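This is a predicted model, so every value here is computed, not measured.
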Amino acid sequence: MNETFSTVIAILLCVFLMIIAPVQNMKDSNNRIEQTYIQSKITNFVENSRNTGIISKKLLEDLYSSIYGLLRGYKVSIVHSTYIENETGINDFIDNNYSAQINEILEQEQRYLMKHNDYLNITVTSYADDIVAVYGGGIKREGSSINNETK
């Protein structure tokens, strides 16, 4: 009886070490690769938007399709913050535009313009509300309504 019990435990331990542990390791590796992919996509998008001062509809759709096309579901939230000056010229408060407002403007005008020193932030979360990637930064160049469409 004692020998049979030891044999069963040894077999279960071997199954765990030879099958379950490598599968879990591979799953963790895939999660890291996917997180790196998402981080690179939002970094590229934010840097392009910071340098031009424009969020184009095409670039945003490309970002959405590259992230929403992954097997696991993700949510992308965008926040554009603008400092509003009071009568004395001092930054008094921050006005935020969120994903829905930005998407609404893009539907009408094909581009969303930002001003120098505004702030753009993108957060990607899983549907379990775990933060996967965050990136943001200050706008370097003011967007122009002149026809300088981004790629």
Side-chain angles (χ1 to χ4, degrees), residues 12-151:
L12 290 175
L13 185 61
C14 286
V15 167
F16 176 77
L17 291 175
M18 291 181 2
I19 297 172
I20 297 173
V23 169
Q24 182 64 35
N25 188 27
M26 195 166 40
K27 181 182 173 190
D28 292 343
S29 177
N30 286 343
N31 289 344
R32 282 190 303 275
I33 291 169
E34 195 169 276
Q35 187 173 6
T36 302
Y37 173 78
I38 291 170
Q39 186 70 45
S40 70
K41 287 294 183 182
I42 66 172
T43 300
N44 185 26
F45 176 82
V46 169
E47 287 301 318
N48 186 304
S49 299
R50 289 178 63 206
N51 290 333
T52 62
I54 298 171
I55 297 175
S56 73
K57 184 176 181 181
K58 182 185 179 328
L59 282 177
L60 188 59
E61 286 174 349
D62 289 347
L63 175 71
Y64 285 158
S65 66
S66 63
I67 292 176
Y68 295 151
L70 298 172
L71 293 177
R72 295 188 322 191
Y74 295 103
K75 295 182 279 187
V76 178
S77 61
I78 302 172
V79 178
H80 167 232
S81 302
T82 302
Y83 290 103
I84 305 296
E85 294 179 354
N86 62 18
E87 305 82 40
T88 62
I90 298 173
N91 292 338
D92 197 17
F93 65 94
I94 297 176
D95 182 33
N96 289 325
N97 282 334
Y98 298 96
S99 298
Q101 296 162 310
I102 294 170
N103 288 332
E104 187 177 306
I105 291 170
L106 285 172
E107 286 299 319
Q108 298 168 0
E109 301 178 17
Q110 301 297 310
R111 61 176 59 209
Y112 179 84
L113 303 176
M114 298 175 283
K115 293 186 269 181
H116 179 69
N117 286 335
D118 286 359
Y119 191 82
L120 181 66
N121 186 44
I122 296 182
T123 304
V124 178
T125 57
S126 67
Y127 280 107
D129 287 331
D130 297 325
I131 294 176
V132 176
V134 177
Y135 193 75
I139 305 304
K140 299 175 185 176
R141 181 174 176 268
E142 187 160 331
S144 172
S145 58
I146 299 173
N147 191 9
N148 59 353
E149 185 68 33
T150 57
K151 298 177 187 173

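- The nearest pair of heavy atoms linking Asn96 to Ser81 is OD1-OG, 2.5 Å.
- Checked by atom type and distance alone, the side chain of Gln110 never pairs as donor or acceptor with a backbone atom of Lys57 at under 3.5 Å.
- Side chain of Gln101 to backbone of Tyr98: a donor-acceptor contact under 3.5 angstrom is found.
- Taking the side chain to side chain contact (heavy atoms under 4.5 Å, CB included) definition, one finds that Ser29 meets it with Arg32, Ile33, sequence neighbours left out.
- Considering only residues two or more places apart in sequence or on other chains, Tyr112 meets the ring pair (Phe, Tyr, Trp, His ring centres under 6.0 Å) condition with His80.
- Separation of atoms CG (Asn30) and NZ (Lys27) is listed at 10.0 Å; rounding is to 0.5 Å.
- How far CD1 of Ile67 is from CD1 of Ile122: 7.5 Å, rounded to the nearest 0.5 Å.
- Every side chain to side chain donor-acceptor pair (under 3.5 Å) that Lys140 has, sequence neighbours left out, goes to Asn51.
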Problem - Worked check of salt bridge (Lys or Arg N to Asp or Glu O under 4.0 Å) between Asp129 and Lys75 - result: CA-CA 9 Å; Asp129 287 331; Lys75 295 182 279 187; 2.6 Å; yes
Exercise for the section: List the steps and the verdict of side-chain hydrogen bond (donor to acceptor under 3.5 Å, both in side chains) for Gln35 and Asn31. Expected result: CA-CA 6 Å; Gln35 187 173 6; Asn31 289 344; over 6 Å; no
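- Asp95 and Thr82 share no donor-acceptor pair across their side chains, judged by distance under 3.5 Å alone.
- Contact annotation: the side chain of Glu61 never approaches that of Leu106 to less than 4.5 Å [non-hydrogen atoms, C-beta and beyond].
- Going from atom CD1 of Ile55 over to atom CD1 of Ile102 covers 5.0 Å, rounded to the nearest 0.5 Å.
- Contacts classified as ring-ring contact (aromatic ring centres under 6.0 Å, His included) and involving residues 20-64 (residues at least two apart or in different chains) are given here: Tyr64-Tyr68.
- For Gln39, the side chain to side chain contact (heavy atoms under 4.5 Å, CB included) test picks out Ile42, Thr43, Ala133, Tyr135, with sequence neighbours left out.
- The local environment of CD in Glu47 is crowded, with over 12 non-hydrogen atoms from other residues, nucleotides or ligands closer than 6.0 Å.
- The side chain to side chain donor-acceptor pair (under 3.5 Å) search around Asn25 returns none, not counting sequence neighbours.
- Here the closest non-hydrogen pair linking Thr123 and Val134 is CG2-CG2, 3.8 Å.
- Around the CD1 atom of Ile131, the shell of radius 6.0 Å holds no more than 12 heavy atoms that belong to other residues, nucleotides or ligands.
- A pairwise comparison of heavy atoms in Leu120 and Ser49 identifies CD2-CB, 3.6 Å as the closest pair.
- Taking 4.5 Å as the limit, every side-chain heavy atom of Asn103 sits out of range of all side-chain heavy atoms of Ile78.
- Met114 and Ile54 get closest at one heavy-atom pair: CE-N, 3.9 Å.
- For the atom pair CZ of Arg111 and OG1 of Thr52, the computed distance is 9.0 Å after rounding to the nearest 0.5 Å.
- Residues Lys115 and Ile139 have side chains not in contact (no heavy-atom distance under 4.5 Å, counting atoms from C-beta outward).
- The CG atom of Leu70 sits 10.0 Å away from the OG atom of Ser65 when rounded to the nearest 0.5 Å.
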